[in-house]
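Structure first, commentary second.
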Amino acid sequence: MDLLRMISALCIVSVSLQLHSYATAAGNVYDKEKFNQMAKFKGGWYWMGTDASDARDLENPARYVKVGSFEMDKYAVTNAQFSDFTATGYKTVAEARKRAFVLDPKTSSKAKTEWKRIPYASWKNPRGPGSSYTEIKSHPVVHVAWQDADEYCRWAKKRLPTAAEWEYAARGGEDTGKQKYPWGDDVQEKRMNIWQGNFPSGNTAADGCHGVCPVDKFVAQNNKDMHSMLGNVWEWTADEFVRYNGSYVTRAKEVLVEIVQNTRDYVARGGSYVDTVDGTSNHKTRVTTSTAFTEWETLDNLGFRCVRGVNDMKTSNS
């Protein structure tokens, strides 16, 4: 039996190491003060979403919305920051379930899913046994369920952003109308970590990234010094998704995870490293890109960042 356990453990390590790797050298450079910075946004009205013919999921319709003033993290929450939080003894959903989903780029595009359920993968071991967050401290934390993100924000005396706040911040706190990207309308593929090439086995990594990369890998995407709002990892929001046409996350529930009754879906924004500039694979990456995930899903392309509203600050100081 001991021999069988040893063989099983070696197989798990082998599988996790075969999956595409993170850029550990660059990802281990960490500047705590920089990554704790927040940008301030003055509230106002703006056009959120799009009426584009290729809009999908939660992008449409375009609507005129108002947001209050708030501050938002300039970077997605990093592994190092999340490590400080878990020092309190907190255990994530993935740690409790002892598994999480990791993209396997060697899987045929004709396969039912490119995602592999890896035993013991979690925020601590993003690729499974044999990988460690300590080697990629400046990468965004992944394999965090909505509950994990919410608990972190509460611990940090912040909260998750609403979808409207998230897009407003991505637009630089301005009403940019039909503008496609945080910086303008021109495509700049080397300004965001997205999939380049044939998905899932042909990533050319023209942007310099294979998989998730450090949160400061690219220059700021707008005039508010916001980094990687588009690409790298999807980001949880506070908005619960109410399925109005019954069409979304059906595949995800059937393919990726066990069906659990009485669960909620929450909106995520920004796209990730598996999305593309033209939408030929997965989502079309732009400032309106949206989707939703079941609250307990833990994937290696899903993270978050936090906000603090003016009213939140008044409450915390009272």
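- Using a 4.5 Å cut-off between side-chain heavy atoms of Ile, Leu, Val, Met, Phe, Trp and Tyr, with links allowed through other members, Met48 and Trp45 fall into different hydrophobic clusters.
- Salt-bridge formation is detected for the pair Lys284/Asp54: a Lys NZ or Arg NE/NH1/NH2 atom is positioned less than 4.0 Å from an Asp or Glu carboxylate oxygen.
- The main-chain N or O of Met226 is never found under 3.5 Å from a side-chain atom of Gln221 such that the two would form a donor-acceptor pair.
- Checking side-chain atoms of Glu235 against main-chain N and O of Gly303 turns up no donor-acceptor pair under 3.5 Å.
- Between the side chain of Arg305 and the backbone N or O of Lys74, at least one donor-acceptor pair lies under 3.5 Å.
- Within the model, atoms NZ of Lys34 and NE2 of His227 stand 7.0 Å from one another, a figure rounded to the nearest 0.5 Å.
- At distances below 3.5 Å, at least one donor-acceptor pair connects side-chain atoms of Thr78 with backbone N or O atoms of Gln81.
- A donor-acceptor pair under 3.5 Å is formed between the side chain of Thr276 and the backbone N or O of Gly279.
- If you check the side chains of Thr294 and Asp265, you find a donor sitting under 3.5 Å from an acceptor.
- The two atoms that bring Ala121 and Val102 nearest to each other are CB-CG2, 4.3 Å, heavy atoms only.
- Expressed to the nearest 0.5 Å, how far CZ of Phe35 lies from CG of Asn79 amounts to 11.0 Å.
- Panel note: side chain Gln37, backbone Asp73; no donor-acceptor pair is recorded below 3.5 Å.
- Checking Glu59 against Thr50 by side-chain atom types alone, no donor-acceptor pair falls below 3.5 Å.
- One hydrophobic cluster, built from ILVMFWY side chains closer than 4.5 Å, cannot hold both Val215 and Val219; they sit in different ones.
- Atom OG in Ser122 sits 13.0 Å away from atom CZ in Arg99 (nearest 0.5 Å).
- At a threshold of 4.5 Å between non-hydrogen side-chain atoms, the residues Glu189 and Asp207 do not count as touching.
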### Query
Could you go step by step and tell me if Cys209 and Lys217 meet the side-chain contact (heavy atoms from CB on, under 4.5 Å) rule?
CA-CA 9 Å; Cys209 298; Lys217 170 71 175 179; 3.9 Å; yes
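- With hydrogens and angles disregarded, a donor-acceptor distance shorter than 3.5 Å links the side chain of Thr237 to the backbone of Val267.
- Connection of Leu160 to Val77 is established within a shared hydrophobic cluster, with ILVMFWY side chains joined at heavy-atom distances below 4.5 Å, either directly or through further cluster members.
- Of the inter-residue distances, the one linking Phe82 atom CZ with Thr92 atom OG1 reads 6.0 Å to the nearest 0.5 angstrom.
- Follow the hydrophobic side-chain contacts under 4.5 Å out from Tyr168 and you never reach Met38; the two are in separate clusters.
- Under the side-chain hydrogen bond (donor to acceptor under 3.5 Å, both in side chains) rule, Tyr273 has a single partner from Asp300, Asn282, Thr285, Asn193, which is Asp300.
- Using modelled atom types, no side-chain atom of Gln179 and backbone atom of Thr176 make a donor-acceptor pair closer than 3.5 Å.
- Annotation: Trp146 is not in aromatic contact with Phe293 [ring centroid separation under 6.0 Å not met].
- To the nearest 0.5 Å, atom CD1 of residue Ile194 and atom NE2 of residue His283 are 14.0 Å apart.
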#### Entry: Evaluation steps, side-chain contact (heavy atoms from CB on, under 4.5 Å), between Asn222 and Arg171
CA-CA 7 Å; Asn222 63 24; Arg171 293 177 180 275; over 6 Å; no
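- With rounding to the nearest 0.5 Å, the separation of NZ in Lys224 from NZ in Lys40 is 9.5 Å.
- Partner of Phe304 under the ring pair (Phe, Tyr, Trp, His ring centres under 6.0 Å) criterion, chosen from Trp236, Tyr75, Tyr152: Tyr152.
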### Query
Going through the checks in order, is the side-chain contact (heavy atoms from CB on, under 4.5 Å) test met by Asn125 and Tyr133?
CA-CA 6 Å; Asn125 311 109; Tyr133 80 93; over 6 Å; no
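- Criterion: ILVMFWY side-chain heavy atoms under 4.5 Å apart, direct or through other members. Under it, Phe218 and Val287 are not part of a common hydrophobic cluster.
- In summary, the aromatic rings of Phe85 and Tyr90 are positioned with their centroids under 6.0 Å apart.
- Across all their heavy atoms, Met72 and Pro161 have their closest contact at CE-CB, 3.7 Å.
- With a 6.0 Å cutoff to the six-membered ring centre and a 45° limit on the axis angle, Lys116 does not count as a cation-pi contact of Phe101.
- Under a cutoff of 6.0 Å and an axis angle of 45°, Arg97 and Trp296 form a cation-pi pair.
- In this structure a side-chain-to-backbone donor-acceptor pair under 3.5 Å is present from Trp183 to Asp186.
- You'll find the ring centres of His210 and Trp195 outside the 6.0 Å limit.
- Just one residue in the list Arg269, Arg286, Arg63 forms a salt bridge (charged side-chain N to carboxylate O under 4.0 Å, His left out) with Glu167, and that residue is Arg269.
- Looking at Glu71, its side chain never comes within 3.5 Å of a backbone N or O of Ala39 through a donor-acceptor pair.
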